[in-house]
Structures are given as structure tokens and as C-alpha cells.
Amino acid sequence: MRRNTVSNVTVKKRLIFLFFCMVLAIVALLLRLFWLQIVVAGELQAKAWDQWTRGDPVRAPRGDILDRNEQLLAGSASSVSILAYPAQIEDKEEAARKLAPVLDMEEEAVLERLQRQSSSVYLKRKMDEEDVLEIRKLEIRGIRFSLEPKRYYPHERLASQLLGFSGIDAGLSGIEYRYEEELKGRDGRAEFQTDGLGRQIPQGVQTFNPPIDGHDLILTVDQNIQFIMEQEMERAMLDWEPEEIMAVAVDPNTGGILGIAGKPDFDPNNYADYPPEQWQLTPVSSSIEPGSTFKLVTLAAAIEEGEFHAEEGFFCSGSMQVAGTTIGCWTRSRGGHGAINFTEVVLGSCNPGFITLGQRIGSEKHMHYLEAFGFGRRTGIDVMGEGLGIMFTPEQFGPVEAATTSFGQGVSVTPIQQLMAVAAMINGGYLMTPYVVDEIRDSEGNVVKKTEPQVVRRVVSEETSQEVRRIMELVVTEGSGMNAHVEGYRIGGKTGTAQKVGPGGVYISGEYILSFIGFVPAEDPQILLYIAVDNPQGVPQWGSQVSAPLFKRMAERMLKYLNIPPTEMPEHEPPQVVEVPNLTGLSVEQASEVIDTSGLMMRFIGGGNEILNQTPKAGAQVPLQTQVLAYLGGQDVGDEEVIVPDLTGKTMREAGEILGWLGLRMNGSGSGVAVGQQPDAESRVPRNSVIDVEFAAPGETGDTD
């Protein structure tokens, strides 16, 4: 009895213990099930989906870049990339052998990619349609095709240094790089279910996460103004064969850049075909000695400080002593400007006159104005690679340094710094921050960001600004800027000539950077344009002879494009007819000085240093801005044999004159400028030979590099 009782108690205890164990197990299972089904269900589902599926990236189109009138400058088109799924390719060696020639890759490189332990691998990105079609014909299992956007630039070289270019997945230069975050968008993904071997299940679930397009950029640049600038720069590259040309146009009232370019440049559709130095936006990155355009800083400071008196007399002897150092004027070879007033100091770009103004201002105030106008620091323009220029420190700014700085020697500036400083001088005195992106919009057209004009500081008064404009207008009507005059319009400007600085800070003999900065129309400046030409050939080394005429051609076309009507001209209007001076027997330097402020242009033919002949002849009455051709000789071959000159870029009249001097005759065809000739330049032919010359409008041949 007792034995049975004990057994029953034990059994009950064991049953109770077993019951609680089962309850605990069920609770644990329920908790585990809750954990798996509720708490971490999403994470596990995602991991499972990753194991079951494979996916192709869907690249987001980059945002467009448009000009101020919403004309496309950079856009995206569809292209095809080739992907391989290694697990699905049975014979990898055979696939690599077939694919390598079409992909333009080594067979070993293709095989290496096909053997990777990866669900998918790119074989080649953004291929040509013809190559994609060839790969489709191979019908290789495990090869897939993915649509991708490909960057293209419809106008090729136009604004190339500003726009930059984009690589496979990101912007690498210019605005494309600077605004990468705004332009790139967000990639999507197309996914599909696969089996254990990575093969797509025909009836499996497929998902598509669409990409989000990048934002569009609306620039301040006007495509037509940019085109005018670049076309005239290309013409100048042909005519004068300079090492480089830089040009920037800005709205002086807002700081918005209307056009900006450097030559030589590149085609961003094929950027790898060009040296990297041609990718740089040189008007922003390059530092150059400014020359006489920098005299405007001294002028504005002197006016603001009450130290400039337009009718006050001054005598220029051709040089000036400063702290024991003789500093010359560009007219020293003929004894200086003589007795002039301070307005004529500006019109004649007299170095001693500007040294005197700088001394009146004083070194401390002079440095203050240099800093106030933004020199020695970045302007803040929204592009990459902006230079700083080089200014003297207060410790370095002695009497000689102050004197040379007053007329633009011994310092260096970037073109964009020079441009914005002069903009402040003519817009009422306000230094503005330059900018190139006006708006950022999303793919729906909504404005994400709008750039408002930003005033850095006020530098000079409205009265000073008006006086600077008045004097700059006189430079064009009476001074060295006459070759920038556009008939029917009031123009203000200033020429500049600066000797190039070489390695080690030493000036390079005979090499100059010729510049001009001017605004139109003078009564209501809407465009301020700066041009710098590096070491042009065959012309006098003066800004009045190279950059001023280039400004005229650009400004004339811009005024017509903007439909700005002619204005009532002031009393001081340039003469419409001028007399050609006698240049025969003068040296190149002497003739250049004579022609600089004459309102004429000059071009040298030959290789000597003395002018042997000229056309038009001395004393002829010719229209303003007529080009005088000066023959320098250099044909020492023999009485009966002549070296054929290079006539490229010459007009029909010029070519005929040149050949006539050499005892040759011309058979011309077409019209415009010379684009071809037979026999070739440097050939030796008998005197009285006929030279066949083909003429065409500039740029028609397409060979402008």
C-alpha cells in the first residue's frame, strides 16, 4: 500500500515537471517564432531575397546643364553596358575568346572577369551600338545588357573648359565636378529571382526600383554670347598664332558670367584625346601680369581720395626716378609724352603719371584699395581651381614696388579678379561675387536653389564710378582704345601690354600678354568683357593692336544679338578718317609706338627688323581701324628665286599686296580669308610665278586648331 502511494506521488511530480518543461518549450518556441516572424522578419526577408535574387543597377541620368535661355549645353543619352553572370556561363574560356575582340580587350582580362566569385560583373560600360549588336549575335548564356545614361555635349568645344566632362560614373572636371552632388541623381535597381546556380527563374518575382534623376543646372552663361566669343577667339588663333587666348564677359551689375573661355580648349565628348592643361578654365585658374589694365585701380583710388585732377598739368620726360631706380615710360625712346594733363596721362597710359598718382595716394591706402578690389584672394566664383594671383605683402611694398604696382608690373592677377575689380569701378562701386549657376531645378522643374547677386563690399562711390566710366570712354574715343570703337555706340575701355614672366620670375624678351577690358554701352553698362592674348605673332606687341580689335568684333556682334539700339554719341567721337603715318625706314618697335594711338592697326610681313614697304602708303586718308601692312623683308634667297610666304588667314587684298612685294602674282578663288595655297609656304619659286590662293569664310574649313 505504501509502496503504491509513493509511486503515485513520484509519478505526479514527474508529470508536473514534464508539463512545465513542455510549457517552457512551447513558450520558448512561441517567443522564438515571435522573434523570427515579427522582430527580425524584415531583416531575414531581406537576406533571403538577396539569396534568391540577382539584380542589375539602373543608373540615374545626370541632370542637364542649360544656358540662361534654357538651351542644352550638356545632357544624357541612352547607352548599353555589358554585364556577365559567371554562374550562368558554362564554357568561360570559349565565351572569353568570342567576347574579347568585340570588347577590344585581352582574352585573359575577359576570362579573369568571367571567373570571379561574384553574382555579376561589368565587362564594359557604355558601349557603341554596333558593338552591342555584335555581342547580341553571339547569344552567350549569362550575358546581359543594361541601359545606362551616357553624357554628351551637343556643341562639342563650346564652353568646354567651363562645363568640364564626366567619366563613367561621375563628373571629373569643370561644372560637372563642382556640382557632382546636384547632378548625379540616385541609382535604381532591377531585381529577379534565381535558382541555386544563379539562373533566372522564368516565372519568378521581379521588382524594379526606379532611379531618381539628377538636378538640372541653369547657367548665367548665354550660349550665343559664348559662341560669339569663341568664334572670334578661333579666328584670332588663326590670324596671330598666339600661345593662348582668354576671355570673360560678365554682367557688371550682378556678377553673372555671360561667357567665359580659353583657347586652345578641347571636345569634352573625347576629352582623353587632349592634354590635361587644355581642360583647365584658364580665365579663372591662370595668373598673369596685368599690365596697363591694372592702372584703372590706381585711377579709381586716386579719384576716390581726391588726388586725381583731370586738367592738372604733368610733364613726362620718358622716365622717373624712384628710390634711386629709373623706371621708364613706354614712350622713353622718343623722349616721353612731354607736357600733358592727367586725363592725357590715362589716355596715353603714361607710367610716370600713374607712379605720381600712386605716390599721392600713399602706400598704405594703395594696399587698402588693392585688397578692397579683391586682389590677392579668390573671388568666390562657383567653379573649381581658382587661382590667387600674387600681391606684395606690406613688408615687401617699398617705394619701387609701389611704383611698379601703380602701372601693373611686378604683380600677377587672374583674369576673373581683374574683371570683377573693373566691374566694381563701373557699376557704382560695388564688388560683386561672380557666379555661373543661376538656378538648380529638380527633374519636375521645381527650383531647388536660386543664386542671388551678392555684394562683397562697396569700394568706391557712385561719383568715382561715373568719373572712371567717363575717362574709360575717352580712352576709346581719343586714346589707345580707338581700335575697340564700334560705330554708333558708346564704348569704354582700357588697353594693356605686359611682358611675360618666365621661369624664375625673369621677363621673357619679346613675349607679351596683350589685353583689353571694355564695357558696352557706356551710358548703361550691360556687358563687361576682358580679353588677354598671349604672345601673338606678326603684329605689334600692343593691346591696342590685338585685343582692342578683338573686343570690337565681339562687342559688335553681341550688341546686334542683344538688339541694343545705337546711342546718341557724345562730343568726343573717334574720327572716321585718319591719315596713315610714314613707317618706312622705322624699326619694328618705333613703328609700333607710332601706330599704337593712331586708330590704325598694323601687321608685319617678313622677318626683318626694319620696315621696307607699307600699304596703304604714307599720307593716305583711310577709315578708322584700317590695317596697315608693313613689309620687313627677310627674302635672302637670290635675285631670281623667292620663298613663298604663308598666306593663311590673310584677306584677298592682303595676300595680293604681300605677293606683289615679293614679285609674285596671285590667282585667287573664293572670298574671305586664305585657307589654302599652292605652292605651299616656304617653297622656293622663280620671281613672277603665279600662286594659287583659296579663300573662304573663317571657320568654314573646320580646321581651327
Side-chain angles (χ1 to χ4, degrees), residues 71 153-160 222-242 244-245 247 249 259 261-267 483-488 529 531 533 536-539 545-563 600-605 615 622-629 644-660 664-681 690-705:
Q71 299 298 307
Y153 304 87
H155 303 292
E156 299 177 343
R157 291 172 175 266
L158 188 72
S160 59
D222 187 308
Q223 175 181 295
N224 293 304
I225 290 177
Q226 183 78 24
F227 176 78
I228 290 168
M229 289 171 58
E230 293 201 33
Q231 190 177 58
E232 293 298 341
M233 291 166 75
E234 291 282 5
R235 174 181 170 184
M237 292 292 287
L238 278 174
D239 285 349
W240 301 319
E241 299 179 355
E244 182 181 18
I245 303 178
K263 298 288 181 182
D265 52 13
F266 69 103
D267 180 356
N483 287 332
H485 172 65
V486 177
E487 186 174 356
L529 175 60
I531 300 168
V533 182
Q537 303 300 304
V539 287
Q545 295 295 300
V546 174
S547 300
L550 186 52
F551 171 91
K552 168 194 163 61
R553 296 199 297 264
M554 291 184 186
E556 206 164 31
R557 296 175 62 185
M558 290 178 189
L559 288 164
K560 184 176 180 180
Y561 159 65
L562 295 172
N563 200 28
L600 299 171
M601 295 182 288
M602 184 165 64
R603 185 153 191 171
F604 298 122
I605 307 299
T615 182
V622 298
L624 183 71
Q625 301 172 352
T626 295
Q627 186 174 74
V628 178
L629 298 178
V644 179
D646 183 3
L647 301 173
T648 303
K650 308 294 190 296
T651 65
M652 187 173 289
R653 183 182 66 82
E654 291 173 344
E657 289 275 4
I658 294 166
L659 294 176
L664 301 173
R665 292 179 294 160
M666 181 178 74
N667 177 33
S669 62
S671 62
V673 297
V675 296
Q677 66 183 75
Q678 285 295 330
D680 293 333
V690 175
I691 308 300
D692 296 320
V693 186
E694 179 187 355
F695 295 89
E700 279 191 2
T701 63
D703 184 14
T704 57
D705 288 333

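We're numbering straight along the sequence, starting at 1.
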Once side-chain hydrogen bond (donor to acceptor under 3.5 Å, both in side chains) is applied, do any residues pair with Glu232, and if so which ones, sequence neighbours excluded? Arg553, Arg557
Among all residues two or more places apart in sequence or in another chain, which pass the side-chain hydrogen bond (donor to acceptor under 3.5 Å, both in side chains) test with Glu657? Thr615
What pairs with Asn667 under side chain to side chain contact (heavy atoms under 4.5 Å, CB included), at least two apart in sequence or on another chain? Val690, Asp692
Taking side chain as C-beta onward, heavy atoms only, is Ser160 less than 4.5 Å from Asp267? no
Closest heavy-atom contact between Ala249 and Met229? CB-SD, 3.9 Å
List in chain and number order the residues that pass side chain to side chain contact (heavy atoms under 4.5 Å, CB included) with Gln223, two or more places apart in sequence or in another chain; answer none if no residue qualifies. Asp67, Gln71, Leu73, His155, Leu158
Excluding sequence neighbours, so at least two apart, what forms salt bridge (Lys or Arg N to Asp or Glu O under 4.0 Å) with Lys552? Glu556
Taking Glu230 for the side chain and Ala159 for the main chain, is one N or O donor matched with an acceptor at less than 3.5 Å? yes
Side-chain contact test, heavy atoms from C-beta onward, threshold under 4.5 Å: evaluate it for Val539 versus Asp239 and give yes or no. no
Test of understanding: with side chain to side chain contact (heavy atoms under 4.5 Å, CB included), list the residues that count as partners of Met652, not counting sequence neighbours. Met666, Phe695
Restricting to non-hydrogen atoms, name the atom on Pro679 and the atom on Val644 that form the minimum distance, rounded to 0.1 Å. O-CG1, 3.9 Å
Let me see the working for Asp222 and Met558 under side chain to side chain contact (heavy atoms under 4.5 Å, CB included), right down to the final yes or no. CA-CA 11 Å; Asp222 187 308; Met558 290 178 189; over 6 Å; no
Please examine the side chains of Pro242 and Met237, heavy atoms only from C-beta on, and report whether any two atoms are closer than 4.5 Å. yes
Nearest heavy atoms of Asp265 and Lys263, plus distance in Å: OD2-NZ, 2.6 Å
Suppose we screen for side-chain hydrogen bond (donor to acceptor under 3.5 Å, both in side chains). Which residues come up paired with Asn224, at least two apart in sequence or across chains? Tyr561
Can you name the nearest heavy-atom pair linking Leu647 to Ala674, along with the distance? O-CB, 3.1 Å
Indicate yes or no: at least one non-hydrogen side-chain atom of Met554 is less than 4.5 angstrom from one of Met233. yes
Whether the side chain of Gln545 engages the backbone of Leu600 through a donor-acceptor N/O pair (distance < 3.5 Å, no angle test) should be reported. yes
Show your reasoning for whether side chain to side chain contact (heavy atoms under 4.5 Å, CB included) applies to Val673 and Arg235. CA-CA 10 Å; Val673 297; Arg235 174 181 170 184; 5.8 Å; no
How long is the gap from CD1 on Ile531 to CG on Leu550, to the nearest 0.5 Å? 4.0 Å
